[in-house]
Amino acid sequence: MDSNTYESFNELMMVRLQKIKDMRQKGIEPYADRYVRTHLSSEIIEDFTELENNEVSVAGRIMSKRDQGKVIFIHTQDMGGKIQAYIRKDVLGDEAFDLVSAYDIGDIIGIKGTVFRTKRGEISVKAEEVTLLSKSLRPLPEKFHGLTNVDTRYRQRYLDLIMNTEVKETFITRSKVIRAMREYLENQGFIEVETPTLMTIPSGAAARPFITHHNSLDMDLFLRIALELPLKRLIVGGFEKVFEIGRNFRNEGISIKHNPEFTMMELYQAYANYEDIMNLVEDMILNIVIKVRGTEEITYQGEKISFAKPWRRIMMLDAIKEHSGVDFKEIKTDEEAQKIAAEKNLEVDKNDSKGKIINAFFEKYVEPKLIQPTFIIGHPVEISPLAKRNANNPEYTDRFEIFVYGRELGNAFSELNDPIDQRQRFENQMLERAKGDEEAHMMDEDFVQALEYGLPPTGGLGVGIDRLVMLLTDSASIRDVILFPTMRPRED
RNA sequence: GGGCCAUUAGCUCAGUCGGUAGAGCACCUGACUUUUAAUCAGGGCGUCCCGCGUUCGAAUCGCGGAUGGCUCACCA
């Protein structure tokens, strides 16, 4: 750090810098090497009856300090929560006590002492030895209101985590959700794999990709938008049950439900169809909900949501008929579909096929109504370029999506394993692209070639981890379940 | 990308009609040996988001910009 840096320090920080100098002059190092702690704050509170009058050592950040002259009360915070230290001048001695007196809120300290309960009933540690482990230079946000500025909370998440305990809880829950999912899938015989993030052809979803450049190969690469195609190649290769939990990147708008990078779990199971996957995902999510929340029913944004089996299963066309009165079974051509869309004042592109219009109807009339976990089955083939056609009605696919609280939580289908049909579908997507649809799939020749070697009948699934965590932590925004959400850099 | 709103001390906020900036917490000095947003007395702390303009004078009014929030669009 040079002197120019110090110039940006305000008076509060200059005072703390001076304290560091004073300590070093006394031969005390304010940045310690290590500290042996015996207990977390939570352990002392939970096991108070056994620990009372025993010696313990705790470490953590000073969150509050009440100096009464010859007695100081300090709350320190660690992973387990907060615990109070009771520090007496006559126990520590004058010199050590004066040092503690100079500690600031935000400093990280170690306390060795005996466990007891104060007059007011709070379980505390009566300090015999207090050690400064790391001096804090910047003042923490105010103790009562804490840190509420959302901008700062996301940009300086560490401050958010220090000040807002429920934020820590959210991310602990996130970790539990992922662990429970892994456990479940491993118990079902799935193997976890990792596939490339850098792709030559981004595929597996309808989305605009991020582009980057590889210098020594002198070529552009794309960040993946889905995990799907590499995983299906692994099924071709004989891994019959695989899954990946990985980051996807989509170059699209940011909203309460969308972050440019987000986490998906995708799994593929050979010899299974979409109905097998439906049973699997229903059981898996119920399992996770119970493991994480201890109950089948949760409350999300004031709405009671039950994950108890079975979830409602309804054909997409039936759901549209139920909510909009329009029966697309009666509508045969793109022109008829365009006409009915116009009658309903639904904005669609004039090139849109019947399949896309069905999807538009679904999104407008049905999606917001699907509060309880619901399987929507049988999507039009035009919007499902990687899904197998239904044997009885080849205009539609053996596909389903899971909706909860009006939001898509998962997507699954019987995988298209006919290489000739797959090539045709890619070609149709290329035509859509040529018509200006930037999100249409690109041709993936290598993937078609893999199918030509033979993909067994396979069921596949994708689940949005962030959205699942939102439900289980009652978080209104996806940014509340992503530690460092994408932000514009500050100008300054 | 459009609309609306916000941005003032480290944090949470107030700021009247345009008259040159305030509170609480935090910090500093002093008092206080079981406090709980400890208390009491005193003190210091500002790029009023940035730029331009109007005005004798701008935190306040106008225009442009930045960042964020909400929302619509986009996004299966």
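Every chain is numbered from 1 and lettered A, B, ... according to where its sequence line falls, protein lines coming before strand lines. Keep in mind that the numbers below use all heavy atoms, side chains included, and drop hydrogens, waters and symmetry copies.
For the C1' atoms, the distance linking B/U7 with B/U54 amounts to 23 Å, nearest Å. Between the P atoms of B/A26 and B/U39, the separation comes to 8 Å (whole Å). Between B/A38 and B/U33, the two C1' atoms lie 14 Å apart (nearest whole Å).
Closest contact between the side chain of A/Asp90 and the listed nucleotides B/U33, B/C11, B/C75 involves B/U33. Here the side chain of A/Ser124 is nearest to one of B/G69, B/U34, B/U35, namely B/U35. Taking only side-chain atoms of A/His75, from C-beta outward, the nucleotide of B/G69, B/U36, B/U35 with the closest atom is B/U36. Listed candidates were B/C70, B/U35, B/U34. Nearest to the side chain of A/Tyr86 is B/U34.
The neighbour count for A/Lys344 NZ, taken as heavy atoms of other residues, nucleotides or ligands under 6.0 Å away, is above 12. The 12-atom threshold is not exceeded at CD of A/Glu95, counting heavy atoms of other residues, nucleotides or ligands nearer than 6.0 Å.
When the nearest nucleotides of RNA chain B are assigned to A/Val71 and A/Ser101 by heavy-atom distance, the more 5′-ward of the two goes with A/Ser101. In terms of position on RNA chain B, the residue among A/Phe116 and A/Gly146 whose nearest nucleotide sits closer to the 5' end is A/Gly146.
Distances shorter than 4.0 Å separate some side-chain N or O of A/Arg66 from OP1 or OP2 on B/A38. Remark: A/Thr148 is in phosphate contact with B/U12, judged by side-chain N or O atoms under 4.0 Å from OP1 or OP2. Between A/Arg488 and the phosphate of B/A66, there is no side-chain N or O to OP1/OP2 separation shorter than 4.0 Å.
Distance A/Lys364 NZ to B/C72 P: 13 Å, rounded to the nearest Å. Computed from coordinates, the A/Ile62 CD1 to B/U35 P distance equals 20 Å when rounded to whole Å. At whole-Å resolution of the value, CG in A/Asp151 and C1' in B/A66 are 12 Å apart. Atom CD in A/Gln68 sits roughly 17 Å away from atom P in B/G30 (whole-Å rounding). Rounded to whole angstrom, the span from the CG atom of A/Asp437 across to the C1' atom of B/C74 amounts to 12 Å. Look at CE on A/Met487: it is 13 Å from C1' on B/A66, rounded to the nearest Å. Here the C1' atom of nucleotide B/G69 and the CZ atom of A/Arg153 are 12 Å apart, to the nearest Å. Note: CD1 (A/Ile72) to C1' (B/U33) measures 11 Å, nearest angstrom.
When each of A/Asp398, A/Asn417, A/Asn273 is checked for a side-chain hydrogen bond (donor to acceptor under 3.5 Å, both in side chains) with A/Lys388, only A/Asn417 meets the rule. Each of A/Leu461, A/Leu227, A/Val281 was compared with A/Met265 under the side-chain contact (heavy atoms from CB on, under 4.5 Å) criterion, and only A/Leu461 meets it.
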Please write out each protein N/O paired with an N/O of nucleotides 39-41 of chain B under 3.5 Å, distance rounded to 0.1 Å.
none

Taking only N/O atoms, report every protein-nucleotides 24-27 of chain B pair under 3.5 Å with atom names and distance.
from, atom 1, to, atom 2, distance (Å)
B/C25, O3', A/Lys143, NZ, 3.4
B/A26, OP1, A/Lys143, NZ, 2.8

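Remark: side-chain polar atoms of A/Arg479 are not paired, donor with acceptor, to backbone N or O of A/Asn259 under 3.5 angstrom. At least one donor-acceptor pair under 3.5 Å links the side chain of A/Ser41 to the backbone N or O of A/Gly81. For A/Gln68 (side chain) and A/Val71 (main-chain N/O), no donor-acceptor pair under 3.5 Å exists by modelled atom type. Of the possible donor and acceptor atoms, none in the side chain of A/Arg208 sits under 3.5 Å from a partner among the backbone N and O of A/Glu252. Side chain of A/Arg467 to backbone of A/Glu408: a donor-acceptor contact under 3.5 angstrom is found.
Residue-level contact check: A/Glu122 touches the bases, meaning some heavy atom is under 4.0 Å from a base atom. At the heavy-atom level, A/Glu439 lies under 4.0 Å from the strands shown only through sugar-phosphate atoms.
Contact annotation: side chain of A/Gln84 to base of B/U35, donor-acceptor pair present below 3.5 Å. The base of B/U34 is not paired with the side chain of A/Arg120 by any donor and acceptor separated by under 3.5 Å.
Ring geometry, A/Phe447 versus A/Phe426: the interplanar angle exceeds 60°, so the pair is classed perpendicular (tilted spans 30 to 60°). Between A/Phe400 and A/Phe375, the ring planes lie perpendicular to each other; the angle is over 60°, past the 30° to 60° tilted range.
Contact record, A/Glu432 with A/Ala440: CB-CB, 3.8 Å, taken as the closest heavy-atom pair.
Counting only Watson-Crick or G-U wobble pairs whose defining distances are both under 3.5 Å, the stems of 3 or more consecutive pairs in RNA chain B are B:1-7 with B:66-72, B:10-13 with B:22-25, B:27-31 with B:39-43, B:49-53 with B:61-65.
A distance below 6.0 Å separates the ring centres of A/Tyr86 and A/Phe73.
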